[in-house]
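Notes to accompany the following structure.
Quick note: residue numbers are just sequence positions, from 1.
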Amino acid sequence: MKMLPLKISTSGLLLFILSIASSIAQSNKTRPPNLIYIMADDLGYGDLGCFGQKTIKTPNLDKMASEGLRFTSYYAGNTVCRPSRLSLWTGKHMGHTPISSNANYHFKPSDITVSELLKSRGYATGGVGKWAMGGIGTTGHPNKNGFDFWFGYLDQGEAHNYYPTHLWKNTEKITLKGNTLTREAKDRGRVSKKRVTYSHDLLTTQAMKFIADHKNTPFLLHVHWTIPHANNEGGRATGDGMEVPDYGIYAKEKWPNTKKGAAAMITRMDQDVGKIIQLIKKLDIQNETMIFFTSDNGPHSEGGHKHETFNANGPLKGYKRDLYEGGIRVPGIAYWPNKIKPGTESDQPFAFWDWLPTACELAGITPPTGLDGLSFAPTLLGKLDQQKIHPYLFWKYGSKIAIRKQEWKAVRNSPNKRLELYNLKNDIGETKNLSAQYPDKISELEKLIEEAVK
């Protein structure tokens with residue numbers, strides 16, 4: 001028999017070794033849990049009833065919070081889309097990632113993702129929604145980065161349009177019935193003149209199918225919905241970029257259509273969270289399935305809609321593209337019957353780069369070295385005496401930087417400006433700049449910033 005030469009990258013070798021070690025360590029243990037990570041797009045800290053929203057109805061997420069764990073200091077990886085996802089999937093903050101803005105980036109073979117690690121443990125790995133890390137013919141395609149299955153958008157710009165002409169199922173282009181683009185240059189191929197098939201609904205259907213198809217084996221599923229992101233180009237073309245098939249319970253409100261659309265998108269998403277929870281109960285896998293819900297960054301003021309309309313950032317200052325709390329602190333809810341104590345909450349600061357080590361611990365895998373994240377599995381399981389604490393959290397967005405150490409938060413909005421300093425314990429809205437009163441604290445945080453970008 002002719003033997004073919006084995007070609008394996010450095011990262012591939014590491015994953016192979018981790019897989020063997022994990023298999024040996026776990027051989028006598030019970031099945032690891034299913035993990036579902038649901039992430040909305042541009043959903044603000046104050047957009048959910050369980051985080052203070054008074055107008056938009058989110059009963060399913062509110063119930064999920066009351067029956068699970070609410071994270072009140074959970075942070076996105078960045079204040080915009082692509083780098084936030086990069087942080088989530090690789091376990092690194094913006095001091096150690098190739099990009100810190102929406103600059104184009106494709107995953108490389110040397111990048112190790114949470115999906116690759118769990119796949120090495122025997123997990124079925126799937127995702128739906130917005131990918132943004134590389135398309136067909138690149139090293140960044142999801143199938144080349146640990147996902148057995150992906151359905152949705154590969155390009156984040158195309159994801160602005162909720163009525164696109166196609167989506168991607170792995171490498172297969174799936175035509176969406178009835179949707180036709182305007183073909184006007186100013187719309188950048190992101191506005192449809194005929195709207196029949198709503199992409200969000202297809203994403204949800206595919207997510208639920210993946211769950212049902214893999215009910216008998218451990219699985220990792222990332223549900224990266226595009227709701228409630230605006231169609232920015234659609235907003236410029238028509239004044240209303242909040243694309244939704246109907247306004248639901250808000251149809252009779254005497255509001256502008258952008259306001260109705262923004263509310264309807266969030267409530268539609270909430271209903272789909274309810275569908276996913278009901279499905280895992282129907283399949284009788286609720287006790288072995290941990291669901292985590294969050295948003296990729298703070299709320300937007302785009303597509304004709306303003307974040308102030310529903311107080312989307314709640315008590316926080318700033319919104320999408322800011323490194324103030326409103327741009328990066330996001331809702332976090334964990335749900336796991338018989339594992340997570342109902343009605344609990346944690347104000348301990350955690351961030352997107354903690355997901356990879358958390359998923360690894362829950363799956364029984366030793367994560368790779370060189371991460372910025374730490375596992376919050378002990379917090380999920382109520383073992384607070386075992387929970388490690390971050391020495392600090394760091395963000396970078398282009399030339400903007402921010403750092404948090406315990407209750408202290410510093411922000412610099414441009415390289416030539418002095419750090420602003422806030423005490424989040426006393427001033428969650430970042431209204432009082434204390435930099436002049438605490439020069440020693442500024443010096444301390446400046447040194448940590450230097451450390452963070454090494």
Other residues, nucleotides, ligands: >12 heavy atoms within 6.0 Å of Lys186 NZ | yes

Is any side-chain N of the basic residue among Arg268 and Asp246 closer than 4.0 Å to the acidic one's carboxylate O?
-> yes

To the nearest 0.5 Å, tell me how far Asp296 CG sits from Ser87 OG.
-> 11.5 Å

Rounded distance [0.5 Å steps], CG in Asp270 versus CG in Leu48 | 7.5 Å

Does any non-hydrogen side-chain atom of Asn338 lie less than 4.5 Å from one of Gln286?
-> no

Quick one: do Arg190 and Glu158 make a salt bridge, cutoff under 4.0 Å?
-> no

Under 3.5 Å, is there a donor-acceptor pair linking the side chains of Asn257 and Asp240?
-> no

Taking the six-membered ring for Trp, are the ring centroids of Phe376 and Phe292 within less than 6.0 Å of each other?
-> yes

For His390 against Pro349, the heavy-atom pair lying closest together | CD2-O, 3.7 Å

Find out whether Phe107 and Lys144 are in side-chain contact, i.e. whether some heavy atom of one side chain is under 4.5 Å from a heavy atom of the other.
-> no

Test Trp150 against Phe210 for ring pair (Phe, Tyr, Trp, His ring centres under 6.0 Å), laying out the working first.
-> CA-CA 10 Å; Trp150 185 271; Phe210 181 87; over 10 Å; no

Going by heavy atoms in the side chains, are Ile389 and Gln387 under 4.5 Å from each other?
-> yes

Trp131 ring center near His222 ring center (under 6.0 Å) | no

Report the C-alpha separation of Asn297 and Asn78 in whole Å, then their side-chain angles, then the decisive distance to 0.1 Å, and conclude whether the side-chain contact (heavy atoms from CB on, under 4.5 Å) test is met.
-> CA-CA 7 Å; Asn297 47 248; Asn78 202 296; over 6 Å; no

Can you find a heavy atom in the side chain of Ile277 that is under 4.5 Å from one in the side chain of Asn60?
-> no

Ionic contact status for Lys259 with Glu253, cut-off 4.0 Å | no

Begin with the C-alpha distance, continue with both residues' side-chain angles, and end with the deciding distance and a verdict on salt bridge (Lys or Arg N to Asp or Glu O under 4.0 Å) for Asp41 and Arg85.
-> CA-CA 11 Å; Asp41 198 327; Arg85 285 162 168 74; 3.7 Å; yes

Test Ser199 against every option in Tyr153, Tyr163, Tyr162, Trp225 by the side-chain hydrogen bond (donor to acceptor under 3.5 Å, both in side chains) rule and name the one that passes.
-> Tyr153

Partner of Leu371 by side chain to side chain contact (heavy atoms under 4.5 Å, CB included), out of Leu356, Thr90, Ile112 | Leu356

Here the pair of heavy atoms bringing Ala124 nearest to Thr217 is CB-CG2, 4.3 Å

Any chance you could lay out the ring pair (Phe, Tyr, Trp, His ring centres under 6.0 Å) test for Phe151 and Trp168, step after step, and finish with the verdict?
-> CA-CA 5 Å; Phe151 182 87; Trp168 292 95; over 10 Å; no

Please tell me if the side chains of Met290 and Leu380 come closer than 4.5 Å, counting only heavy atoms from C-beta onward.
-> yes

Among Asn170, Thr125, Asp148, which residue meets the side-chain hydrogen bond (donor to acceptor under 3.5 Å, both in side chains) test with Asn143?
-> Asn170

Start with the C-alpha gap between Thr113 and Asn145, add the side-chain angles, then the distance that decides, and say whether side chain to side chain donor-acceptor pair (under 3.5 Å) holds.
-> CA-CA 7 Å; Thr113 65; Asn145 291 276; 5.5 Å; no

Are Leu384 and Ser346 side-chain neighbours, meaning at least one heavy-atom pair lies under 4.5 Å?
-> no

Ser192 and its side-chain hydrogen bond (donor to acceptor under 3.5 Å, both in side chains) partner, picked from Thr180, Asn179, Asn161 = Asn161

Could you tell me whether Glu302 and Lys320 have a side-chain N and a carboxylate O separated by less than 4.0 Å?
-> yes

To the nearest 0.5 Å, how far apart are CG in Leu283 and CE in Met208?
-> 8.5 Å

Decide yes or no on side-chain contact (heavy atoms from CB on, under 4.5 Å) for Leu202 and Leu176, but give the supporting numbers first.
-> CA-CA 10 Å; Leu202 297 184; Leu176 302 195; 3.5 Å; yes

What are the two closest heavy atoms between Phe310 and Ala262, and how far apart are they?
-> CE1-CB, 4.2 Å

In terms of side-chain geometry, is the basic nitrogen of Lys306 or Glu308 positioned less than 4.0 Å from the acidic oxygen of its partner?
-> no

Grab the two heavy atoms, one from Met64 and one from Phe293, that are nearest each other, plus how far apart they are.
-> CE-CB, 3.9 Å

Any side-chain donor near an acceptor of the partner, Thr358 and Asp354, under 3.5 Å | no

At what distance, to the nearest 0.5 angstrom, does CD of Glu243 lie from NE2 of His229?
-> 11.5 Å

Tell me, do Ile136 and Leu154 make a side-chain contact under 4.5 Å, heavy atoms counted?
-> yes

Is Arg236 salt-bridged to Glu233, going by a charged N under 4.0 Å from an acidic O?
-> yes

Taking all heavy atoms of Gly77 and all of Met94, pick out the closest pair and write down the distance.
-> O-CG, 3.6 Å

Residues, nucleotides or ligands: over 12 heavy atoms within 6.0 Å of Tyr324 OH | yes

Using atom types as modelled and distance alone, determine if a side-chain donor or acceptor of Ser120 lies under 3.5 Å from a backbone N or O of Leu117.
-> yes

Does Val330 reach the side chain of Tyr45, with side-chain heavy atoms less than 4.5 Å apart?
-> no

Count the heavy atoms of every other residue, nucleotide or ligand shown that sit under 6.0 Å from NZ of Lys281, and state whether that count exceeds 12.
-> yes

Do you see a donor-acceptor pair shorter than 3.5 Å between the side chains of Ser115 and Tyr123?
-> no

When rounded to the nearest 0.5 angstrom, what is the spacing between NE2 in His160 and CG in Asn231?
-> 7.5 Å

Side chain to side chain donor-acceptor pair (under 3.5 Å) assessment of Glu325 paired with Tyr75 | CA-CA 9 Å; Glu325 293 290 282; Tyr75 289 91; 2.5 Å; yes

Tell me, with the steps shown, if Asp111 and Lys108 meet salt bridge (Lys or Arg N to Asp or Glu O under 4.0 Å).
-> CA-CA 5 Å; Asp111 292 318; Lys108 295 177 172 55; 5.8 Å; no

Mutual orientation of the aromatic rings belonging to Phe71 and Tyr74 [parallel < 30°, tilted 30-60°, perpendicular > 60°] | tilted

Does the gap between the ring centers of His300 and His307 come in under 6.0 Å?
-> no

When every non-hydrogen atom of Met265 is compared with those of Met242, the smallest separation belongs to SD-CE, 3.4 Å

Chi angles and distances behind the side-chain contact (heavy atoms from CB on, under 4.5 Å) call for Val114, Trp355 | CA-CA 8 Å; Val114 62; Trp355 172 240; 4.2 Å; yes

Is there a donor-acceptor contact under 3.5 Å linking the side chains of Glu345 and Thr72?
-> no

Apply side-chain contact (heavy atoms from CB on, under 4.5 Å) to Phe352 and Thr294, showing your working.
-> CA-CA 10 Å; Phe352 271 23; Thr294 190; 3.9 Å; yes

